[in-house]
Asks: 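Before I ask anything, here is the structure I am working with.
In this text the structure is predicted, and so the values were computed from the model without any measurement. Each chain gets a letter, A, B and so on, in the order its sequence line appears, and its residues count up from 1.
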Number of protein chains: 2
Amino acid sequence: MHHVPLDESTAAPRRRDRDNIRDLLLEAAITEFAQRGFDGASTTSIARRADAHQPQINYHFSNKSELWQAAVDQVFSELDEVIATTDFLGDPEAGFAALIRGLVEFAAARPELHQIMVQEATAASDRLNWITDTHIRPRYEQLSTLWAALQQRGVAAPIDPKLIYYVVIGTTSLMYINRAEARILLSENPANEAIIDKHVAGIVAMLLPHYKPATRP
Amino acid sequence: MHHVPLDESTAAPRRRDRDNIRDLLLEAAITEFAQRGFDGASTTSIARRADAHQPQINYHFSNKSELWQAAVDQVFSELDEVIATTDFLGDPEAGFAALIRGLVEFAAARPELHQIMVQEATAASDRLNWITDTHIRPRYEQLSTLWAALQQRGVAAPIDPKLIYYVVIGTTSLMYINRAEARILLSENPANEAIIDKHVAGIVAMLLPHYKPATRP
DNA sequence: GTCTATAATTAGATAGAC
DNA sequence: GTCTATCTAATTATAGAC
């Protein structure tokens, strides 16, 4: 069944040239991959989200796998920016507290990163090997080392440095991975500033039980 | 292109009657839905996993949605058994510690429950509304209430009772949701007894900083 | 670079033989 | 209850006009 235009002159296909179409497709892909996983996401649906046609995805990204990889690189580069601007200049405890705040704020603003991770990390695959080697392991090692240093100073909870990664990522991000569920349970947006502040304070107090944030004089 | 049997007598289709085929299909579905989500999972692949034919799924479960619902009910009923056998008879702190151990052991043995949850909870849907109302909210409320009581007793970390659910589920389960990743990072199976013991001890110490498990006299 | 048309494959569901 | 055959719809990728 074909679309029958009321008037042929108005049916002329509109050419929607946009200089940012690659970014629009990428953002649409991030959303789709986060919500439905690699297999569940469809390039047709991604294109529609960007008000584009499905073959434009193959033109700009060759194939679905390269689109997925570009999406992953994009969200991790955004995380890099947050980490890079985190103030580690004070004492290690204040630096760790700032890191926790950065991670919670990032998870609230960009839940897609962790959503894509859980979609991929449920089963072994080439995609998982790539993302783990490229993006995850350096962060895992850094956090493990930082945590061991905090334990040396006697301010950190007795969590094994090999396991601290999953405690930190689990607490800072699960509420945002499951944000559609959290919105139902909390009856409000879990990304609200008040929720974020409470969540950060709770996590820091729990992980650094002997640390008291400096109060302004 | 059709399969040409070497000998017609050996090509007779084998009728694989099994009285537990429904359970086999259900178990295969749990695995597939956990790893690839509702849209990513295919009934053909699920049937193949159970060494059955794709139409048998429609025969035993009507359609894909009812298969999914049966899979969810199954894993939550298994969780119920674990919770039901948890010993809450001692003091509240010992009961909470036992609950944490039960949750970690369950996540290690049945990561599919939480994997299915994160697959579904990323976006609003009828499936999410059903699973949240039916299975999640009662547990969320129970944990919130239990936590408030522990805080009254002065032994619990300063986590908001409205947020404790995500702290508990995040810490107890993320390493098992991401078990394929964790296996790479830890260079061992995160479901190993030694890892489980360490993880439980860390979480309990962090959440109940003033609680010291009773040592045998 | 955008767009239509379409090829090649796979999806979930149903009909009917056994 | 199992199985083959098949329908309709949806998938990713490609060809070629513009």
Side-chain angles (χ1 to χ4, degrees), chain A residues 1-5 8-26 28-29 32-33 35-71 119 125-127, chain B residues 1-5 8-29 31-33 35-71 119 125-127:
Chain A
M1 208 67 68
H2 285 275
H3 168 66
V4 179
E8 277 186 8
S9 67
T10 66
R14 230 166 266 155
R15 194 184 160 93
R16 292 161 292 183
D17 287 76
R18 283 162 292 176
D19 57 1
N20 61 336
I21 184 61
R22 196 180 183 282
D23 290 345
L24 292 174
L25 288 170
L26 197 56
E32 280 272 319
F33 284 129
Q35 292 189 359
R36 321 207 315 164
F38 184 85
D39 293 313
S42 96
T43 56
T44 305
S45 168
I46 291 168
R48 198 182 312 121
R49 223 180 251 276
D51 192 28
H53 290 106
Q54 184 263 336
Q56 289 179 270
I57 286 183
N58 297 83
Y59 176 80
H60 288 282
F61 296 94
S62 297
N63 55 48
K64 190 179 178 181
S65 288
E66 293 209 9
L67 173 63
W68 177 86
Q69 192 168 317
Q119 301 268 10
S125 73
D126 288 343
R127 289 197 305 276
Chain B
M1 210 67 69
H2 285 275
H3 168 67
V4 179
E8 279 186 5
S9 67
T10 67
R14 230 167 265 155
R15 195 185 159 91
R16 292 161 291 182
D17 287 75
R18 284 164 291 175
D19 57 1
N20 61 338
I21 184 60
R22 195 180 184 280
D23 290 344
L24 292 174
L25 288 170
L26 197 56
E27 186 57 36
T31 303
E32 280 273 319
F33 285 130
Q35 291 188 0
R36 321 206 316 162
F38 185 84
D39 294 314
S42 95
T43 56
T44 306
S45 168
I46 291 168
R48 197 183 310 123
R49 222 179 251 276
D51 192 26
H53 290 106
Q54 184 261 338
Q56 289 180 270
I57 287 184
N58 296 84
Y59 176 81
H60 288 282
F61 297 94
S62 297
N63 55 48
K64 190 178 179 182
S65 288
E66 293 209 8
L67 173 62
W68 177 86
Q69 192 168 320
Q119 301 269 9
S125 73
D126 287 343
R127 288 197 306 276

Asks: Tell me whether the rings of B:F33 and B:W68 are parallel (<30°), tilted (30 to 60°) or perpendicular (>60°).
Replies: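 Perpendicular.
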Asks: Over all heavy atoms of both residues, which pair between B:G40 and B:R36 is shortest? Give the atoms and the distance, please.
Replies: O-NH2, 2.9 Å
Asks: Using 0.5 Å steps for rounding, measure from the NE2 atom of B:H53 to the OG1 atom of B:T44.
Replies: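 Taking NE2 in B:H53 and OG1 in B:T44, the distance rounds to 11.0 Å.
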Asks: Just how far, in rounded Å, is C1' of D:dT2 from CG of B:D51?
Replies: 12 Å
Asks: D:dA13 C1' sits how many Å from A:F61 CZ, rounded?
Replies: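 To the nearest whole Å, that distance equals 16 Å.
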Asks: Below 3.5 Å between N/O atoms, which protein atoms pair up with nucleotides 10-14 of chain C? Just atom names and distances, please.
Replies:
residue: C:dA11; atom: OP1; partner: B:S42; partner atom: OG; Å: 3.4
residue: C:dG12; atom: OP1; partner: B:A41; partner atom: O; Å: 3.3
residue: C:dG12; atom: OP1; partner: B:T43; partner atom: N; Å: 3.1
residue: C:dG12; atom: OP1; partner: B:K64; partner atom: NZ; Å: 3.2
residue: C:dG12; atom: OP2; partner: B:T43; partner atom: N; Å: 2.8
residue: C:dG12; atom: OP2; partner: B:T43; partner atom: OG1; Å: 2.7
residue: C:dA13; atom: OP2; partner: B:N58; partner atom: ND2; Å: 3.3
residue: C:dA13; atom: OP2; partner: B:K64; partner atom: N; Å: 3.2
residue: C:dA13; atom: O5'; partner: B:N58; partner atom: ND2; Å: 3.4
residue: C:dA13; atom: N7; partner: B:Q54; partner atom: OE1; Å: 3.2
residue: C:dA13; atom: N7; partner: B:Q54; partner atom: NE2; Å: 2.8
residue: C:dA13; atom: N6; partner: B:Q54; partner atom: OE1; Å: 3.0

Asks: Does D:dC3 have its OP1 or OP2 closer than 4.0 Å to a side-chain nitrogen or oxygen of B:H53?
Replies: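 Result: yes.
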Asks: Can you confirm whether A:D126 is buried at CG, in the sense that more than 12 heavy atoms of other residues, nucleotides or ligands lie under 6.0 Å from that atom?
Replies: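 Check fails, neighbour count at 12 or below.
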Asks: Report the distance from atom CZ of B:R18 to atom P of D:dG1, rounded to the nearest whole Å.
Replies: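 Value for this atom pair: 14 Å.
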Asks: Rounded off to whole Å, could you give me the CD-to-P distance for the A:Q56 and C:dC3 pair?
Replies: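 Between P of C:dC3 and CD of A:Q56: 5 Å.
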Asks: Taking CD1 from A:I46 and P from D:dT11, how many angstroms apart are they, rounded to a whole number?
Replies: 11 Å
Asks: Are side-chain heavy atoms of A:R22 and A:F61 found at a separation under 4.5 Å?
Replies: yes
Asks: Tell me: CG of A:L25 to C1' of C:dG1, nearest whole Å?
Replies: 12 Å
Asks: Between A:R16 and C:dC3, does any side-chain N or O lie under 4.0 Å from OP1 or OP2?
Replies: yes
Asks: With sequence neighbours left out, which residue pairs that include part of residues 51-69 of chain A fulfil the salt bridge (charged side-chain N to carboxylate O under 4.0 Å, His left out) condition?
Replies: A:R16-A:D51
